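One structure, as structure tokens, below. Some questions next.
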Amino acid sequence: MPFDLPYLPYSKDELEPHLSTRTLEFHHGKHHQAYVTNLNNLIKDTPFADKTLEAIIQETANDESNTAIFNNAAQVWNHTFFWNSMKPAGGGQPPEAVEKTLTSAFGSVDGFKEQFKKAGVGQFGSGWVWLVEDAGELKIIKTANAMTPLAMGMKALLTCDVWEHAYYLDYQNRRPDFIQVFLDNLVNWEFVAANLS
Ligand SMILES: [Fe+2]
């Protein structure tokens, strides 16, 4: 079965004024859709055609002959995870369980935000910043291009897309501002809580 573009978990105008309808139209409707279309074309009539997205990502991750399949499959997965990492009127104080976990790993919620922002700003070129669980330990990592914790034996808990296409229409070159708004006004803490449990 070919893959479908997943629906957004909110309408395209609901993240206003922090992310514009126009950004969502391009980012979900054009960029995410293109990864889905490319993946379907690449796996057609191959042994990957019957596999789950997760299996395709894990099986192509370190295989140079399948780089294009990996890149598109991982980008499909990463973007779906990113849409779920945000919600309308997000941000604010995390639920108690998340607050405790972040405080024990990073000193405080603000300490977590500071390190997450620093990692996202520090990703040279296109990529992603993640909160992950790695062998029971919470970590902040950045990945280049399509690379995903799913291919690194880690469990993703939260992500922010730091490719320019994620923020350029609204924030131009101001990636630090975008990540700050993501953390203060968009982050879906309930999604983090669900991933933690
Ligand atoms: Fe993106």
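Note that the structure is a prediction, hence the values are computed from the model and not measured. We number each residue from 1, following the sequence as shown. Start at 1 and go down the list; that is how both ligands and their atoms are numbered.
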Side-chain donor or acceptor of Ser20 paired with backbone N/O of Glu16 under 3.5 Å:
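No.
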
N, O or S atom of His27 closer to the Fe ion (ligand 1) than 2.8 Å
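It does: His27 brings an N, O or S atom closer than 2.8 Å to the Fe ion (ligand 1).
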
With the Fe ion (ligand 1) as the point of reference, which N/O/S atom of Asp161 is the closest?
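In Asp161, the heteroatom (N, O or S) nearest the Fe ion (ligand 1) is OD2.
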
Strictly below 4.0 Å, N to O, side chains only: are Lys87 and Glu190 in salt-bridge contact?
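Counted as a salt bridge, because a side-chain N and a carboxylate O are separated by less than 4.0 Å.
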
So does His165 have any N/O/S atom less than 2.8 Å away from the Fe ion (ligand 1)?
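Looking at His165, which is the residue asked about, there is an N, O or S atom under 2.8 Å from the Fe ion (ligand 1).
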
Plane angle bin for Trp83 and His79 - parallel if under 30°, tilted between 30 and 60°, otherwise perpendicular:
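Taking Trp83 first and then His79, their aromatic rings sit tilted (interplane angle of 30° to 60°).
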
Salt-bridged, Glu114 to Lys118, with N to O below 4.0 Å?
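No.
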
